[in-house]
Amino acid sequence: MSESLLFGMVLTAIAVGYVLGRWDRKKRQQRVKDRLSKEYFIGLNYLLNEQTDEAIDIFIKALEINPDSHEAFETCIALGRLFCRRGEVQRAIQIHQSLLARPSLNRRQSLQVQLELARDYLSAGVLDRAESLFLEVTKSGHDLKFTALQALVEIYQQEKEWEEAINIADQLVSYDSPRYIPLLAHFCCEQAEHCISKQDYSAARQAIKRAMKYDKCCARAYLILGRLEFEQENYKEAIKILQQIFHQDPDFVSESVPLLIECDRKAKTLFGINGYLSKCLKEYPSISVVLALAQSIREKEGDKAAGKFIAEQLVQRPSLRGLNALIDLHIANTEGKAKKNLGLLRELTGRLVENKPIYRCHHCGFAGKELHWLCPSCHQWGKVKPIRGIEGQ
């Protein structure tokens, strides 16, 4: 056999061996990939069925198959989230920290892990570390920046760092997120409330003006400004401001009525607000408006006329608070056994009102006795409003 033929046979054998080896390697890699994908989807199925412990076991098993694959990366992310959801934040932090240390991560994966780690710290209440990581992601200019900005708003809300919250929310608005505009107004209102508590009325006015610039329909801003004018004895100006609430958000007219009445008395305008209240009663009635008008009728025409007015309104719009007011008027003008019976009835209806919430969140249904601009349950701004109907306004 010639040397050239022998050399050709050797080269052919090497080539065949290389091809077969590569084919076998690809086959093994595909088997590993198929096995990993199978484990991954089994884990997802456990998650969908809320079988968290089983899902964790499957994901850990999947990581042992091919720890450097893309699927393993996604598994680590999912596993960390599971631990965080279960309250095992330290384990979640360890997983994400070890993942972040891998040199094989690309830029987007590295940012994604930083986000997950920041969320872990946020869940653990370590706000400074969470803030630092979120800020780092925002500097990247990556598509994950929006998610980091949203988280930063949450942090600054918790810390009551309203100026920082405003700066971040402004950036979110630039991403075409109009839902952050009402939040910006509330952040400014929080600033105004803080300034008023320190009697820094000039700064409070600036904050309110800023709130109105962000959201011209922010009833809260008008309520704060009306109170500010009242405290500075600008009663007529306060009346003018509070009357604008009907055009901004009529749901909050009832919140302005007590201060409106007080301003009217201080300004000695002799029920000058009655025309405005009558308009409210006609276009957007509430029991607070009815009772305010009834009080002015009582002072002008007496208890009988006031009682008749309330009774007429109750026929159209039944209200426990209105019924209580009507009973009070009759008690004041009754003697003997009838007065005693009315007193018993008033006690019963009073208990009904006392045990009922007067505010409800339109987002999650949370109900209570106090007006919360930030819902304690769902943490949405401006969703808690006075309840309307027989038990409310």
Side-chain angles (χ1 to χ4, degrees), residues 169 173 178-193 196 201 204-267 269-296 313 316-317 319 321 358-363 371-375 380-389 392-393:
V173 171
R179 72 185 184 89
Y180 282 94
I181 292 176
L183 270 68
L184 281 162
H186 279 289
F187 295 161
C188 293
C189 286
E190 290 288 337
Q191 283 185 319
E193 296 273 14
I196 290 174
Y201 298 126
R205 286 181 183 279
Q206 291 178 5
I208 295 169
K209 184 177 180 180
R210 195 177 179 189
M212 292 176 174
K213 184 177 180 181
Y214 280 123
D215 183 6
K216 63 181 181 180
C217 293
C218 181
R220 182 186 183 186
Y222 287 87
L223 285 168
I224 295 173
L225 186 56
R227 191 173 78 245
L228 179 58
E229 297 292 1
F230 175 81
E231 290 180 0
Q232 295 191 298
E233 301 182 358
N234 300 322
Y235 304 123
K236 291 183 179 180
E237 183 63 23
I239 290 172
K240 181 180 177 182
I241 290 165
L242 292 170
Q243 288 180 349
Q244 294 183 54
I245 292 173
F246 176 80
H247 303 287
Q248 312 309 325
D249 191 340
D251 281 328
F252 289 102
V253 166
S254 57
E255 294 299 304
S256 68
V257 168
L259 187 56
L260 263 175
I261 294 172
E262 192 63 25
C263 288
D264 184 67
R265 295 186 187 282
K266 294 285 188 179
T269 53
L270 301 176
F271 308 108
I273 62 172
N274 282 8
Y276 166 74
L277 293 176
S278 297
K279 178 183 177 181
C280 292
L281 183 62
K282 181 180 179 180
E283 299 184 24
Y284 203 81
S286 69
I287 192 58
S288 293
V289 171
V290 169
L291 297 181
L293 286 169
Q295 182 59 32
S296 69
Q313 295 300 317
Q316 300 177 50
R317 290 172 289 275
S319 164
R321 285 178 59 198
I358 56 177
Y359 300 100
R360 178 173 289 117
C361 177
H362 288 211
H363 183 262
L371 174 59
H372 297 276
W373 295 107
L374 177 64
C375 178
Q380 296 289 314
W381 285 95
K383 299 298 182 181
V384 179
K385 294 188 174 184
I387 295 173
R388 300 184 64 80
Q393 289 296 325

Smallest separation among heavy atoms of Ile245 and Val253, with atom names:
CG2-N, 4.1 Å
Before giving the answer on side-chain contact (heavy atoms from CB on, under 4.5 Å), spell out for Glu255 and Tyr359 the whole-Å C-alpha distance, their side-chain angles and the decisive distance to 0.1 Å.
CA-CA 11 Å; Glu255 294 299 304; Tyr359 300 100; 2.7 Å; yes
Ignoring hydrogens, what is the shortest heavy-atom contact between Cys263 and Tyr235? Give both atom names and the distance.
O-CB, 3.8 Å
Where Ala292 and Ile261 come nearest, the two heavy atoms and their spacing:
CB-CD1, 3.6 Å
Quick check: do Val289 and Leu293 have side-chain heavy atoms less than 4.5 Å from each other?
yes
What distance do Ile239 atom CD1 and Asn234 atom CG have between them, rounded to the nearest 0.5 Å?
11.5 Å
Can a donor-acceptor pair be found, under 3.5 Å and without considering hydrogens, that links the side chain of Arg210 to the backbone of Leu184?
no
Using side-chain heavy atoms (C-beta onward) and a distance below 4.5 Å, is Asp249 in contact with Cys217?
no
I'd like to know if the side chain of Gln313 pairs up with that of Arg317 as donor and acceptor (distance under 3.5 Å, no hydrogens or angles considered).
yes
Please report the closest heavy-atom contact between Val384 and Phe252, naming both atoms and the distance.
O-CZ, 3.7 Å
Ion pair present between Arg205 and Glu229, side-chain N to carboxylate O less than 4.0 angstrom?
yes
Less than 4.0 Å between a side-chain N and a carboxylate O, is that true for Arg227 and Glu262?
no
Pairwise distance OG(Ser254) to CZ(Arg388) - rounded to 0.5 angstrom:
7.5 Å
Can you find a heavy atom in the side chain of Arg220 that is under 4.5 Å from one in the side chain of Glu190?
yes
Side chains of Tyr214 and Cys188, heavy atoms from C-beta outward: is any pair under 4.5 Å?
yes
How close do Leu242 and Tyr276 get, heavy atom to heavy atom, and via which atoms?
O-OH, 3.8 Å
Are Ile273 and Gln243 side-chain neighbours, meaning at least one heavy-atom pair lies under 4.5 Å?
yes
Do you know which two heavy atoms are closest between Arg321 and Ile287, and how far apart they sit?
NH1-CG2, 3.4 Å
Can you tell me how far CD of Gln380 sits from CZ of Arg179, rounded to the nearest 0.5 angstrom?
7.5 Å
Rounded to the nearest 0.5 angstrom, the CG-CD distance for Leu277 and Gln295 is 12.0 Å
Is there a side-chain contact between Pro285 and Val290 (heavy atoms, below 4.5 Å)?
no
CG of Leu374 to CZ of Phe187: how many Å apart, nearest 0.5 Å?
8.5 Å
I'd like to know whether NZ of Lys383 has more than 12 heavy-atom contacts from other residues, nucleotides or ligands below 6.0 angstrom.
no
Rounding to 0.5 Å, atoms SG (Cys218) and CD1 (Ile208) come to a distance of 10.0 Å
